[in-house]
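To keep things clear, I will list the structure first and then write my remarks on it.
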Number of protein chains: 2
Amino acid sequence: MGVSTRSRRAPLVQQVCSDRPLHKGGICAPTRKEDGLPQIDRSLIADAPAFAGLDAAALDDVLSHALPCRLPKGEAAFRQGEPAEKFFLLLHGRLRVTRLNAQGQQILVRFVNPDDLFGVAMAIQSPVYPGTAEAAVDSLALAWPNSAWAGMIARHPTLAVNTMRALGARLQDSQQRILDLSTQKVEQRIAGAVLRLARQAGRPSEAGVKIDFPLSRQDLAEMTASTLYTVSRTLSAWEAFGLVEAGRQSLTVRDAPGLQAIADAEG
Amino acid sequence: MGVSTRSRRAPLVQQVCSDRPLHKGGICAPTRKEDGLPQIDRSLIADAPAFAGLDAAALDDVLSHALPCRLPKGEAAFRQGEPAEKFFLLLHGRLRVTRLNAQGQQILVRFVNPDDLFGVAMAIQSPVYPGTAEAAVDSLALAWPNSAWAGMIARHPTLAVNTMRALGARLQDSQQRILDLSTQKVEQRIAGAVLRLARQAGRPSEAGVKIDFPLSRQDLAEMTASTLYTVSRTLSAWEAFGLVEAGRQSLTVRDAPGLQAIADAEG
DNA sequence: CGTACCCTTGATATTCATCAAGCATTGTGG
DNA sequence: CCACAATGCTTGATGAATATCAAGGGTACG
């Protein structure tokens with residue numbers, strides 16, 4: 001084993017971190033240029049994969065139906081069960097999408113990142129939103145009424161293809177998550193979730209790659225089908241091994257390859 | 001509690017089945033007319049949701065690029081990791097789609113039913129198949145080369161919309177499954193899986209609704225992130241309560257509302 | 001300055017996987 | 001047609017992973 005610790009939790013950290021040289025960094029999300037006060041302008045959406053392949057005129061057409069939508073931290077763009085009347089594109093900020101079951105237990109479906117579509121219930125023929133989307137930080141989105149959708153894809157068929165791809169990517173993610181839930185131990189799932197967050201929302205800092213929005217133990221628990229207690233113990237153990245730096249609603253990855261080794265370990 | 005049993009397993013059956021009147025039936029999949037020897041003909045695919053809204057000429061155009069594909073029981077249409085060169089529509093039979101993780105553990109992603117598209121890797125921009133599809137019974141499918149896709153959706157934009165809906169529905173299913181895996185106990189998940197199978201592939205029989213293809217304990221375990229041992233114990237307990245009739249690779253639902261009550265119970 | 005919120009850590013309980021052994025049915029080759 | 005292997009299934013005993021319960025500490029914010 002090579003390392004002796006009294007820490008009750010942390011079987012995989014111990015296993016994986018023994019006799020392995022420390023290693024810095026590895027994850028670095030592309031830095032995103034900060035918009036000042038956003039005005040509705042073609043350039044706002046030109047980079048979104050959802051609108052890839054549309055020319056300037058098409059973008060203007062698309063934009064002409066859009067309404068800006070400010071979402072102060074904590075506010076919901078929509079709530080589970082509400083009639084789905086709009087769909088959205090996130091311009092700036094970060095949203096937390098959650099879903100409740102009949103017994104009131106909640107999971108965190110995903111975080112919405114800038115340039116992501118969300119609330120596309122009409123793409124799946126659902127009359128209501130299947131989840132709740134609320135701002136994890138002050139955010140800004142564009143909203144389209146569902147009624148605009150049919151005309152938009154009729155005039156710009158590329159849109160249907162792009163949306164299909166976006167749904168396909170999310171389907172892939174979901175199936176991967178099912179696989180992880182079915183075959184991995186909690187500690188591995190937490191490692192995977194943290195790495196994904198660092199990739200999607202990591203900003204380089206002195207100590208490593210810091211996750212760019214408030215993230216609680218409860219959030220991580222709801223992402224990994226675990227409990228806030230187990231997440232807390234796991235992060236404490238990782239911190240003791242120098243893999244992460246954990247604070248109140250904040251998390252910095254110091255050793256991404258180390259976390260990856262945990263995620264990849266044999267169960 | 002009302003009922004006393006020595007059975008070690010079956011907390012929920014006991015709870016749920018005590019003092020509840022027995023109830024018959026409830027699930028009944030539409031019976032599907034048996035095709036004799038299928039020939040490639042417009043009527044074969046006219047009912048598939050994937051081709052809804054296409055007129056006769058469009059259907060003929062679509063069919064002109066399709067190749068029939070016989071899949072004897074046990075044979076794979078494609079295997080995980082193979083380059084994705086075709087996509088398929090199941091005409092007849094039943095396929096089991098599985099997915100392996102890096103450590104070789106397997107889950108059962110879904111069963112493909114007649115009129116379902118499968119192997120649509122190109123819709124999600126994946127160069128390889130993310131899973132393996134093999135025939136659970138002798139099956140028959142149509143196959144299109146991926147190269148035909150672009151032209152098909154260009155000529156028939158409805159196809160992109162239909163495919164988007166199909167992906168959306170599968171995304172919905174996946175997210176529901178994630179919710180179930182995250183919040184339900186094993187017994188509830190097994191109940192949910194059995195009910196879904198009965199709905200999709202149930203055929204009415206004397207004793208109730210019989211699942212129409214060979215289904216092992218291992219299959220159910222891989223669908224519910226459980227083990228064949230736990231599934232076996234669970235089915236035994238249910239059988240003792242008259243909820244199901246379980247045999248070698250066969251399962252008949254005798255009391256669907258009873259199973260539903262288990263699936264809906266508070267954890 | 002107090003109160004709500006987030007977090008930590010120990011002790012205990014529970015679910016369920018794992019291991020082990022054996023039975024039953026199907027299919028197969030002599 | 002029969003022996004026998006392969007496959008699928010059952011059931012008990014045990015143990016490990018992780019949830020749950022309980023108690024308290026720190027920190028931000030009104």
Side-chain angles (χ1 to χ4, degrees), chain A residues 5-15 73-74 103 105-107 136 180-191 211 213-222 224-240 244-251 262 265-267, chain B residues 5-15 73-74 96 103 105-107 136 181-191 211 213-222 224-240 244-251 262 265-267:
Chain A
T5 317
R6 280 137 256 80
S7 152
R8 217 197 55 192
R9 176 141 291 268
L12 288 173
V13 202
Q14 270 184 41
Q15 207 173 298
K73 174 174 175 171
Q103 285 83 45
Q105 294 156 292
Q106 179 171 288
I107 66 164
D180 291 347
L181 282 172
S182 302
T183 62
Q184 297 192 304
K185 301 265 196 267
V186 168
E187 190 180 0
Q188 299 179 282
R189 299 202 300 266
I190 301 174
I211 289 166
F213 55 87
L215 179 78
S216 68
R217 309 292 182 266
Q218 180 69 37
D219 288 334
L220 276 171
E222 288 174 8
T224 56
S226 176
T227 62
L228 92 94
Y229 308 106
T230 297
V231 171
S232 175
R233 287 186 235 270
T234 304
L235 292 183
S236 296
W238 288 353
E239 198 156 24
V244 301
E245 222 159 81
R248 189 192 176 85
Q249 298 199 95
S250 101
L251 190 59
I262 290 174
E266 313 256 326
Chain B
T5 318
R6 277 137 257 77
S7 150
R8 218 198 55 191
R9 177 140 290 269
L12 289 174
V13 202
Q14 271 186 40
Q15 207 172 297
K73 174 174 177 172
R96 178 194 286 108
Q103 284 83 47
Q105 295 155 291
Q106 178 172 288
I107 65 164
L181 282 172
S182 303
T183 62
Q184 297 192 304
K185 302 264 196 271
V186 168
E187 190 181 359
Q188 300 180 280
R189 299 202 299 265
I190 301 174
I211 289 166
F213 55 87
L215 179 78
S216 69
R217 309 291 181 268
Q218 179 70 36
D219 287 335
L220 276 171
E222 287 174 8
T224 56
S226 177
T227 61
L228 94 95
Y229 309 105
T230 297
V231 171
S232 175
R233 288 187 233 271
T234 304
L235 292 184
S236 297
W238 289 353
E239 199 157 24
V244 300
E245 222 159 82
R248 188 189 176 87
Q249 298 200 95
S250 102
L251 190 59
I262 290 174
E266 314 256 328

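Sequence lines set the chain letters: A, B, ... in the order given, protein chains first and strands last, and positions in each chain run from 1.
- You'll find that the side chain of A:Arg233 is closest to C:dG10, out of D:dA13, C:dG10, C:dT8.
- The A:Thr230 side chain lies nearest to D:dA19 when the options are D:dT10, D:dA13, D:dA19.
- The side chain of B:Tyr229 lies closest to C:dT18 when the candidates are C:dT25, C:dT18, D:dC21.
- Distances shown here put a side-chain N or O of A:Ser226 below 4.0 Å from the OP1 or OP2 atom of D:dA19.
- Here A:Ala221 lies out of heavy-atom contact (under 4.0 Å) with every strand.
- Checking C:dC7, D:dT20, C:dT18 against every side-chain atom of B:Thr227, the shortest atom distance belongs to C:dT18.
- Between A:Ser236 and the phosphate of C:dT9, there is a side-chain N or O to OP1/OP2 separation shorter than 4.0 Å.
- Rounded to an integer number of Å, the gap from A:Leu228 CG to D:dA22 C1' is 13 Å.
- In this structure, B:Arg189 atom CZ and C:dC16 atom P are separated by 7 Å, rounded to whole Å.
- Distance A:Glu239 CD to C:dT9 P: 9 Å, rounded to the nearest Å.
- Atom CD of A:Gln249 is separated from atom C1' of D:dG26 by 14 Å (rounded to the nearest Å).
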- Could you walk me through whether A:Trp238 and A:Glu187 pass the side-chain contact (heavy atoms from CB on, under 4.5 Å) check? CA-CA 10 Å; A:Trp238 288 353; A:Glu187 190 180 0; 3.0 Å; yes
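- Rounded to whole Å, atom P of C:dA17 lies 13 Å from atom CG of B:Leu220.
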- Message: Walk me through whether B:Glu266 and A:Gln103 qualify under side chain to side chain donor-acceptor pair (under 3.5 Å).
- Response: CA-CA 6 Å; B:Glu266 314 256 328; A:Gln103 285 83 45; 5.0 Å; no
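- For B:Val186, taking side-chain heavy atoms from C-beta onward, the closest of the listed nucleotides C:dT26, C:dC16, C:dT9 is C:dC16.
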- Evaluate side-chain contact (heavy atoms from CB on, under 4.5 Å) for B:Arg96 paired with B:Asp219, printing each intermediate quantity in order. CA-CA 9 Å; B:Arg96 178 194 286 108; B:Asp219 287 335; 3.1 Å; yes
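- A:Arg248 places its CZ atom 16 Å from the P atom of D:dG25, with the value rounded to the nearest Å.
- The CG-P distance, from A:Leu181 to D:dT18, rounds to 12 Å in whole Å.
- Contact check, B:Arg217 against D:dC9: a side-chain N or O comes under 4.0 Å of OP1 or OP2.
- A distance-only check finds no donor-acceptor pair linking the side chain of B:Thr230 to the backbone of B:Ser226 [under 3.5 Å].
- Computed from coordinates, the B:Lys185 NZ to C:dA17 C1' distance equals 15 Å when rounded to whole Å.
- Remark: side-chain polar atoms of A:Gln188 are paired, donor with acceptor, to backbone N or O of A:Lys185 under 3.5 angstrom.
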